[in-house]
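Notes for the one structure printed next.
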Protein chains: 2
Amino acid sequence: MQRAAALVRRGCSPRTPGPWGRSQSSAAAEASAVLKGEMELELQRGIKKPFTEVIRANIGDAQAMGQQPITFLRQVMALCTYPNLLNSPSFPEDAKKRARRILQACGGNSLGSYSASQGVNCIREDVAAYITRRDGGVPADPDNIYLTTGASDGISTILKILVSGGGKSRTGVMIPIPQYPLYSAVISELDAIQVNYYLDEENCWALNVNELRRAVREAKDHCDPKVLCIINPGNPTGQVQSRKCIEDVIHFAWEEKLFLLADEVYQDNVYSPDCGFHSFKKVLYEMGPEYSSNVELASFHSTSKGYMGECGYRGGYMEVINLHPEIKGQLVKLLSVRLCPPVSGQAAMDIVVNPPVPGEESFEQFSREKESVLGNLAKKAKLTEDLFNQVPGIHCNPLQGAMYAFPRIFIPAKAVEAAQAHKMAPDMFYCMKLLEETGICVVPGSGFGQREGTYHFRMTILPPVEKLKTVLQKVKDFHIKFLEKYA
Amino acid sequence: MQRAAALVRRGCSPRTPGPWGRSQSSAAAEASAVLKGEMELELQRGIKKPFTEVIRANIGDAQAMGQQPITFLRQVMALCTYPNLLNSPSFPEDAKKRARRILQACGGNSLGSYSASQGVNCIREDVAAYITRRDGGVPADPDNIYLTTGASDGISTILKILVSGGGKSRTGVMIPIPQYPLYSAVISELDAIQVNYYLDEENCWALNVNELRRAVREAKDHCDPKVLCIINPGNPTGQVQSRKCIEDVIHFAWEEKLFLLADEVYQDNVYSPDCGFHSFKKVLYEMGPEYSSNVELASFHSTSKGYMGECGYRGGYMEVINLHPEIKGQLVKLLSVRLCPPVSGQAAMDIVVNPPVPGEESFEQFSREKESVLGNLAKKAKLTEDLFNQVPGIHCNPLQGAMYAFPRIFIPAKAVEAAQAHKMAPDMFYCMKLLEETGICVVPGSGFGQREGTYHFRMTILPPVEKLKTVLQKVKDFHIKFLEKYA
């Protein structure tokens, strides 16, 4: 409990200036200190809380919410970790085969050796083969694959190189609003200019190319826009981009000579039956050589999401296309300073891209586990959307993909005043109250960015179904009471 | 073979400008391209090489050179990875106890969950207990411990924060010459000023405080020196600092209000019987409250070195003392952007600081394995020093600690001319020739920095004893022939 209030901050941008001219996180820190103080005082006095546990629906941390690891992945990892187990009859042959292949590609046949900075060769080959399969035969070159320490590492590394290019004016980096706060944080760290384009909430958070045009036109007055970041499926917004929209974006990037940065870590997390995941790489190639040999693209994936949810291993990869040789040289140098990504995370990435196939011993169990995770997420996505939309003053777009709801909440004028009196963003105030009264921890929309005057929060759909139902019911009850209180 | 030449670069600074006004690595890249071209041509022609394998004595990658992992560490890691094994009778109880303790501290009892950005609580407690034991009772606070992605991550993170502090003039960061190239690379990335202080080669690479005074005095003309980096035991130089010298350095840092950054990743690698490892933290406390409550210190450790050699897991920690609360706040924010260090690396760090103790089931095997690794390293340190010093034109200081020899080599004027004709630093030319003729890969001194007109290379002592003897004999033969050729 003693760190409960700090949870609200997690997922918030550490440096996004809020509407009160200070960073949201400093506001959150203050608020959390207040709350923590209050709670400690109350606990000292023996006052009971209105809840028995804190539910961390603030971060996409599947296994922390009880999701079980995929058995096959952990078996391969255990075999790689302690190769004596290769003689054990209690491990399946297909897991042993994967482990042997990985170990043979490691220095001294050990996960304990450094790999090449770019990652273990055979794992990069497996990633390239996976991408080729995923994209219906569009070729992927292992030389273009870089293994990373989670996707965050890849994103911040490539941004660092693109921004440090020099030039007269500062580099502009276009990001969606709402965004995943890694982007704003890295842009601020690099002293680049954050160029916001707004997703269309009225239209299921779709990306509209006219809005991209507006954003880039206005940005050109004060910076040099070079990079366009896309998150698909969206975080925190959960939309899945249509193929047509991706084509439009690629055409726009080609016109404006923008480097496309496609954050596709939720590519396995698509739930709406009328949506499908289309990779930027595939669409780029299908648009013909004018695009596929000119548009610079980096795409990111991770072990942390999908159905594996292996966040702790910090595994990931990026594929880069049409990278200028000079930039590529800088990338290799930058990566070599940090030696290599964790080799255990690289091994985990290998299993994500190279799971059991039909005919292999582990296929059936693997498929069952995978379907169970994804089936449950789809069920919970629908459940969450439906329940939120039954609450007066909450509107929730369909959760087409990813693992979050980002409902819009109505906050009455009196509550906005109360928040201002506490020097808090109104939705931060709302989330703090929610935590205080229900033990449910979600992240205020102001941590992600939102149109002025609108308020949201992000909640994961990771708690198990029954617990999620309870959570949603509690949020509903809280919201109704909140509206009454500040009516 | 096709990537052999690129090996020479590994360990070289990516951005240190060389005496030829370009980065050493671009010189190395050119040279390697030439060599690679030559070798490919020769191979195409069916010409045999004068060696049968490339020996990578360029990086401190123990397990890649055949060192076996410590059994206990891997047992605990396997148990954490695949907790079904907790029921297996083939794992010892003390390993199970460690694994259970780690898992209980992880979200959802899984290595697959994110940890707190600062690291898993119980592992930080174990680190603090280790430091307290190591330092004879000087207390360590788990709140001051940050788990990191290898030591490199900690070093670059803390430098980033210290350098970004602002102020009129650019921040100066004092580093030893020769240095480990992570420092020059990060300083350059951060656009800070590298302030060189030279280690005293005539005096076993000792650090002389008068040289620190000279360096800081001269630096103040053009920057604001804020940070003093110390590598002890030294990399690439292998010296172990005396207690007296550490006291002098701390006094100097106190006088000059410098932030002390103590890279102590080789703290378990001390071989000379007349040397001992003294931590900066311990000496700081023993110097009394005037120092221990004022001097800001960060100390780094890693799973990669010592007797564990677990480089691939990218585990590490830093302990920070007297950190200004504002800086601490920035540190926490910066770390939270990257979510958390790999949890498997954190678990590996736990075993480094919390190994089996007398009375535990695994103690005997663990001690045997540990003594074997460290005993062999001590033997190889002496062997290397002795053999190098028998070669005319090579002088090698005692390898008191760490895992490298950094011998000074005499390069005849004609060879210097030949190198210039190839647009290479003379010692790069020497190392390329060595690789070409013997298959032995070492790193030129120019990658680490050295006094002008002196030449060195860094070679690890990690190959097994018999192989190391062969390597040393080959280097000797090569060197004598080289002197003759360019006499």
Side-chain angles (χ1 to χ4, degrees), chain A residues 3 9-10 14-15 25 29 56 59 61-69 74-75 77-78 81-85 88 90 106-108 110-115 149-150 152-153 156 160 181-182 185-186 189 304 308-314 329 333-334 336-345, chain B residues 9-10 14-15 25 29 56 59 61-69 74-75 77-78 81-85 88 90 106-108 110-116 149-150 152-153 156 160 181-182 185-186 189 304 308-314 329 333-334 336-345:
Chain A
R3 305 194 77 166
R9 266 176 301 159
R10 223 167 162 181
R15 301 210 196 178
S25 66
R56 299 168 59 131
I59 40 173
D61 192 358
Q63 296 188 18
M65 292 311 296
Q67 184 181 308
Q68 291 306 299
R74 291 303 188 94
Q75 286 175 330
M77 298 292 287
T81 304
Y82 191 57
N84 285 16
L85 294 171
S88 160
S90 46
C106 292
S110 172
L111 290 192
S113 300
Y114 293 119
S115 74
T149 309
S152 313
D153 168 49
S156 49
K160 184 181 240 171
L182 169 70
V186 171
E189 253 181 66
S304 305
M308 301 285 194
E310 294 285 8
C311 309
Y313 281 100
R314 314 304 301 117
K333 279 184 202 173
L334 190 60
S336 72
V337 175
R338 305 296 138 83
L339 299 162
C340 71
V343 181
S344 49
Chain B
R9 267 175 300 160
R10 224 170 157 179
R15 299 210 198 178
S25 66
R56 299 168 60 131
I59 40 172
D61 191 358
Q63 295 188 18
M65 294 309 296
Q67 184 181 309
Q68 291 306 300
R74 292 303 187 94
Q75 286 174 330
M77 298 292 288
T81 303
Y82 192 56
N84 285 16
L85 294 170
S88 160
S90 46
C106 291
S110 171
L111 289 191
S113 302
Y114 293 118
S115 73
T149 308
S152 313
D153 168 49
S156 48
K160 184 180 239 170
L182 168 70
V186 171
E189 254 180 65
S304 306
M308 301 284 194
E310 295 285 6
C311 310
Y313 281 100
R314 315 304 302 118
K333 280 183 200 173
L334 191 59
S336 72
V337 175
R338 307 294 138 83
L339 299 164
C340 71
V343 181
S344 50

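In what follows, every chain begins at residue 1, and chains take the letters A, B, ... in the order their sequences are listed.
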| Donor-acceptor pair between B:Thr81 and B:Arg74 side chains, under 3.5 angstrom | no
| Residue pair B:Lys160, B:Leu334: steps toward the side-chain contact (heavy atoms from CB on, under 4.5 Å) verdict | CA-CA 9 Å; B:Lys160 184 180 239 170; B:Leu334 191 59; 3.6 Å; yes
| request: Among the options A:Leu85, A:Leu182, A:Leu111, A:Asp153, pick out the one with the most heavy-atom pairs lying under 4.5 Å from chain B. | output: A:Leu111
| Per-residue contact mode, A:Ser156 against chain B (heavy atom under 4.5 angstrom) | side chain
| said: So, taking the atom named OG in B:Ser113 and the one named OH in A:Tyr313, what distance separates them when rounded to the nearest 0.5 Å? | reply: 10.5 Å
| Selection from B:Gly108, B:Pro341, B:Gly112 maximising heavy-atom pairs under 4.5 Å formed with chain A | B:Gly112
| A:Arg314 (side chain) donor-acceptor with A:Gly345 (main chain) under 3.5 angstrom | no
| said: Is A:Gln75 close to chain B through its backbone or its side chain, or both, or neither, when contacts mean heavy atoms under 4.5 Å? | reply: both
| request: Check B:Cys311, B:Pro69, B:Ser304 against B:Gln63 for a side chain to side chain contact (heavy atoms under 4.5 Å, CB included) and give me the one that passes. | output: B:Pro69
| request: Identify which part of B:Ser152 has an atom lying under 4.5 Å from any heavy atom of chain A, answering side chain, backbone, both or neither. | output: side chain
| task | Select, from B:Arg338, B:Glu310, B:Met77, the one with the greatest count of heavy-atom pairs under 4.5 Å involving chain A. | result | B:Arg338
| query | For B:Gln67, is it the side chain, the backbone, both, or neither that has a heavy atom closer than 4.5 Å to a heavy atom of chain A? | reply | neither
| said: As an exercise: rank A:Ala62, A:Gly107, A:Ala64 by heavy-atom pairs under 4.5 Å with chain B and give me the winner. | reply: A:Ala64
| remark: B:Val343 and B:Cys106 have their tightest heavy-atom pair at CG1-SG, 4.1 Å
